[in-house]
Each structure stands twice: as structure tokens, then as C-alpha cells.
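Every heavy atom of this structure was used, including side-chain atoms; hydrogens, water molecules and symmetry mates were not.
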Amino acid sequence: MTVRRDAPYVTCRDDEDLKRCLDYVHINPVKHGLVTRVADWPWSSFHRYARLGEYDVNWGGSPEMYGDEFKYAE
């Protein structure tokens, strides 16, 4: 299955793919210079996932996170 970047929706194929998509969404405010840490974006679903233990509250505070999250995706 090929995923088009211009598709109106994206289907996550498995748990790893879902995690990669969530990482992409959560890191975007940092990548675009709106905040310096993911936890600083108040409207993010990141806060819920951190409360559930899916993310450490300091996740996304490192510059190497801002690459292409999908470079290893099929």
C-alpha cells in the first residue's frame, strides 16, 4: 500500500505507524517555532498521552526530534 502525502486522510496500519503519526502531530508546534517544548503547546493531545504514560512529559525537547518522522516508513 502506498500512502500519498496529498491524500485527504491517512490510515495508520499498526501501532508503530500510529505512534509515528502522533509523534509528527505533537512535534509540529516546536518544528514551526510556536513553542520550545512540546509540553508548552496547551492545545495538544500530548498532555493526555503524557498523563496516560504514553510519553514522558519532557518528550520532544531535543533538536534531533525535528527531522522527517516518516523517513523510515514504507
Side-chain angles (χ1 to χ4, degrees):
M1 175 181 166
T2 303
V3 177
R4 292 180 16 223
R5 290 238 180 197
D6 63 339
Y9 59 89
V10 175
T11 301
C12 294
R13 298 168 293 212
D14 55 29
D15 289 343
E16 184 180 330
D17 201 27
L18 175 60
K19 179 72 166 87
R20 188 174 23 256
C21 290
L22 289 171
D23 289 353
Y24 175 81
V25 168
H26 292 146
I27 203 71
N28 265 330
V30 178
K31 286 172 70 171
H32 294 285
L34 299 170
V35 291
T36 56
R37 298 179 321 132
V38 173
D40 293 338
W41 190 247
W43 304 280
S44 178
S45 61
F46 170 78
H47 302 287
R48 180 177 185 273
Y49 285 99
R51 279 193 308 274
L52 292 171
E54 297 292 327
Y55 287 94
D56 181 272
V57 294
N58 295 313
W59 181 88
S62 173
E64 63 267 8
M65 298 283 312
Y66 315 147
D68 183 1
E69 291 81 4
F70 293 97
K71 69 181 172 186
Y72 299 112
E74 294 179 18

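- Side-chain atoms of Phe46 and Val25, non-hydrogen and from C-beta on, never get closer than 4.5 Å to each other.
- The side-chain heavy atoms of Val38 and Tyr55, taken from C-beta on, include no pair separated by under 4.5 Å.
- Under a 3.5 Å cut-off, the side chain of His26 and the backbone N or O of Ala39 do not form any donor-acceptor pair.
- Tyr49 and Trp43 fall within a single hydrophobic cluster, where Ile, Leu, Val, Met, Phe, Trp and Tyr are joined by side-chain heavy atoms under 4.5 Å apart, directly or via other members.
- Here the straight-line distance linking atom CD1 of Ile27 with atom NE2 of His32 works out to 10.5 Å at 0.5 Å rounding.
- In this structure, Asp17 pairs ionically with Arg20, as a charged nitrogen and a carboxylate oxygen lie closer than 4.0 Å.
- A salt bridge does not link Lys19 with Asp15: none of the charged nitrogens is closer than 4.0 Å to a carboxylate oxygen.
- In this structure, the side chains of Val30 and Trp41 stay at 4.5 Å or more apart for every pair of heavy atoms.
- Under a hydrophobic-cluster definition in which Ile, Leu, Val, Met, Phe, Trp and Tyr are linked whenever side-chain heavy atoms come within less than 4.5 Å, directly or via other members, Val57 and Leu22 are assigned to different clusters.
- Annotation: the span from Leu34 atom CG to Asn28 atom CG amounts to 9.0 Å, rounded to 0.5 Å.
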